[in-house]
Each structure stands twice: as structure tokens, then as C-alpha cells.
Amino acid sequence: WPTQGRFPDIRASVTLQVLSAILNDRLFDRLRGLGTVYSAQVGAASSKVFDYGYIQALAQLQPAAAQTFHDELAKIAADLKAGRLTEDDLTRAREPLLEQLRKSRETNDYWLSVLDDTQDHPAKLDLARQYEASLRALSVADVAAAANRYLDEAKAVRVSVGPPAS
């Protein structure tokens with residue numbers, strides 16, 4: 001699904017990360033429960049150059065299971081758009097992101113990425129400063145609103161790579 005790019009406001013960026021994490025958890029649970037896949041992934045990315053981003057979902061599976069993957073993903077997206085979210089969903093998505101932030105702040109790579117290009121884009125420092133607070137302040141309603149904004153089935157691009165199902 002298309003989203004936004006460049007340096008979005010931090011709240012929008014955090015919301016996309018949490019929405020992707022919730023999609024990831026639900027997709028993995030659903031497909032694993034159906035015995036369709038062993039692993040599935042969902043993630044969000046934004047271009048630093050162009051005003052374009054996306055949420056992507058992928059899985060390695062048998063060709064015959066491709067339609068099941070697409071159908072289950074569409075059902076999960078519809079549930080999220082309908083606001084079928086709980087505080088537990090939000091916590092399960094948010095806590096790993098907070099832990100990842102805590103660990104990454106202890107590395108030089110994190111600080112180099114934060115400082116990179118800040119002379120030309122000083123707002124990037126604000127993104128780093130506000131990330132944790134924005135993540136903690138995120139609500140179920142924020143995630144549902146993002147689902148409604150971005151998870152438009154008509155804008156989803158479906159790609160299957162591999163031999164045709166037999």
C-alpha cells in the first residue's frame with residue numbers, strides 16, 4: 001500500500017511503524033494457524049528523497065497458497081480499518097519498538113544515522129527527539145485512523161513471484 005515519503009512528521013512515522021507491526025503479528029498468526037507459511041513479514045518504509053513510502057507484506061509459500069495470503073491480508077486490513085484493535089494489540093506492537101530504540105541508542109550507528117544530513121535537514125533532529133514520546137502517546141484510535149488512510153484495497157499492489165500454482 002502506498003504511504004508517504006521524505007521526512008514525515010514523527011507521529012505519522014511512528015503510527016505507520018505500529019500499524020505495520022500489528023499487521024505483521026496478525027498475518028503471521030493467521031497464516032501460521034492455517035498452516036500456509038512458516039514466516040510472514042510486514043514493514044513500512046519511506047523514501048528520504050521522494051514523497052513516497054509503502055507498507056509491504058510478504059511471505060514465502062507454495063504457489064497454491066498465494067491467494068490465501070492475499071485474502072487473509074485483505075481480511076486483516078479490513079478488521080483494522082473497522083477499528084477491531086485493542087490496547088493489547090497496541091502494547092504488543094509498541095513494546096518491541098521501544099526496546100529496539102533503547103538498544104539502538106547505545107550504538108554509534110544510531111547516532112550517526114540521526115546526525116547524518118541534519119545540517120541540511122535540521123527537522124531530522126526533532127524526529128529523533130520526539131520519537132519515544134510519540135510512540136508512547138499513540139492510541140488505538142490513531143492506528144485505526146492510519147489503517148483507514150493507508151490500507152485502501154484499491155491501492156494495494158499484489159505481486160506473486162514463482163511458478164504458477166498447479
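What you see is a predicted model; the values in this text were computed from it and never measured. Numbers here are sequence positions counted from 1.
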Worksheet item: So Asp120 and Asp117, side-chain contact (heavy atoms from CB on, under 4.5 Å) or not? Walk me through it.
Response: CA-CA 6 Å; Asp120 293 329; Asp117 206 27; 3.4 Å; yes
Please round to the nearest 0.5 Å and tell me the distance separating atom [atom1] of [X] and atom [atom2] of [Y].
{"X": "Asp116", "Y": "Asp109", "atom1": "CG", "atom2": "CG", "answer": "11.5 Å"}
{"X": "Thr15", "Y": "Leu138", "atom1": "OG1", "atom2": "CG", "answer": "4.5 Å"}
{"X": "Glu99", "Y": "Ser104", "atom1": "CD", "atom2": "OG", "answer": "10.0 Å"}
{"X": "Asn108", "Y": "Leu115", "atom1": "CG", "atom2": "CG", "answer": "10.5 Å"}
{"X": "Arg11", "Y": "Ser13", "atom1": "CZ", "atom2": "OG", "answer": "12.0 Å"}
{"X": "Leu19", "Y": "Trp1", "atom1": "CG", "atom2": "CH2", "answer": "8.5 Å"}

Item to complete: Determine whether Val157 and Leu151 fall in the same hydrophobic cluster, where Ile, Leu, Val, Met, Phe, Trp and Tyr are linked whenever their side-chain heavy atoms lie under 4.5 Å apart.
Response: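 Val157 and Leu151: separate clusters.
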Practice prompt. With the side chain counted from C-beta on, respond yes when Arg158 and Glu153 share a heavy-atom pair under 4.5 Å apart, and no when they do not.
Written response: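 A side-chain contact exists here, since the closest heavy-atom pair is under 4.5 Å.
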Worksheet entry | Non-hydrogen side-chain atoms of Glu95 and Gln100 separated by less than 4.5 Å |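 A side-chain contact under 4.5 Å is absent here.
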For residues [X] and [Y], report the shortest heavy-atom separation together with the two atoms involved.
{"X": "Ala93", "Y": "Ala21", "answer": "CB-CB, 3.7 Å"}
{"X": "Pro2", "Y": "Tyr150", "answer": "O-CD2, 3.6 Å"}
{"X": "Ala128", "Y": "Tyr110", "answer": "CB-OH, 4.0 Å"}
{"X": "Ala45", "Y": "Thr3", "answer": "O-OG1, 4.1 Å"}

Item to complete: Carefully, step by step, assess Leu90 and Asp88 under the rule side-chain contact (heavy atoms from CB on, under 4.5 Å).
Response: CA-CA 5 Å; Leu90 185 58; Asp88 184 56; over 6 Å; no
Fill in: Polar contact flag, side-chain donor to acceptor under 3.5 angstrom, Asp142-Ser139
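Result is yes, a qualifying pair exists.
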Fill in: Flag for Gln17-Tyr131: side-chain donor and acceptor within less than 3.5 Å
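Yes, side-chain donor-acceptor contact under 3.5 Å.
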Under 3.5 Å donor-acceptor pairs involving side-chain atoms of residues 57-68, not counting sequence neighbours:
unit_1: Gln67; atom_1: NE2; unit_2: Asp71; atom_2: OD1; d: 2.7

Worksheet entry | Stepwise side-chain contact (heavy atoms from CB on, under 4.5 Å) check, Leu85 with Ile22 | CA-CA 9 Å; Leu85 290 151; Ile22 292 170; 3.9 Å; yes
Worksheet item: Counting heavy atoms not belonging to Gln56, are there more than 12 under 6.0 Å from its CD?
Response: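 Count over threshold, so yes.
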Item to complete: Apply the test side-chain contact (heavy atoms from CB on, under 4.5 Å) to residues Val18 and Leu135: give CA-CA distance (whole Å), side-chain angles for both, the deciding distance (0.1 Å), then the verdict.
Response: CA-CA 8 Å; Val18 170; Leu135 186 55; 3.5 Å; yes
Worksheet item: For the side chain of Thr118 and the backbone of His121, is there at least one donor-acceptor N/O pair under 3.5 Å apart?
Response: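 Such a contact is absent between Thr118 side chain and His121 backbone.
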Practice prompt. Only counting residues at least two apart or in another chain, list the ones meeting side-chain hydrogen bond (donor to acceptor under 3.5 Å, both in side chains) with Lys155.
Written response: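 Testing Lys155 for side-chain hydrogen bond (donor to acceptor under 3.5 Å, both in side chains), a comparison that skips the adjacent residues, returns none.
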Worksheet item: Mind checking what makes side-chain hydrogen bond (donor to acceptor under 3.5 Å, both in side chains) contact with Ser160, not counting sequence neighbours?
Response: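 Counting only residues at least two positions away or on another chain, Ser160 forms a side-chain hydrogen bond (donor to acceptor under 3.5 Å, both in side chains) with His70.
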Discussion item. Once salt bridge (Lys or Arg N to Asp or Glu O under 4.0 Å) is applied, do any residues pair with Glu132, and if so which ones, sequence neighbours excluded?
Written reply: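 Checked Glu132 against salt bridge (Lys or Arg N to Asp or Glu O under 4.0 Å); matches are Arg105, Arg136.
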Item to complete: List in chain and number order the residues that pass salt bridge (Lys or Arg N to Asp or Glu O under 4.0 Å) with Asp152, two or more places apart in sequence or in another chain; answer none if no residue qualifies.
Response: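 Salt bridge (Lys or Arg N to Asp or Glu O under 4.0 Å) check on Asp152 returns nothing, list empty.
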Using a 3.5 Å cut-off and no angle test, enumerate the donor-acceptor pairs between side-chain atoms of residues 23-34 and protein atoms at least two apart in sequence or in another chain.
unit_1: Asn24; atom_1: OD1; unit_2: Val42; atom_2: N; d: 2.9
unit_1: Arg26; atom_1: NH1; unit_2: Arg84; atom_2: O; d: 3.1
unit_1: Arg26; atom_1: NH2; unit_2: Arg84; atom_2: O; d: 2.7
unit_1: Arg26; atom_1: NH2; unit_2: Asp89; atom_2: OD2; d: 2.7
unit_1: Arg30; atom_1: NH1; unit_2: Glu72; atom_2: OE1; d: 3.0

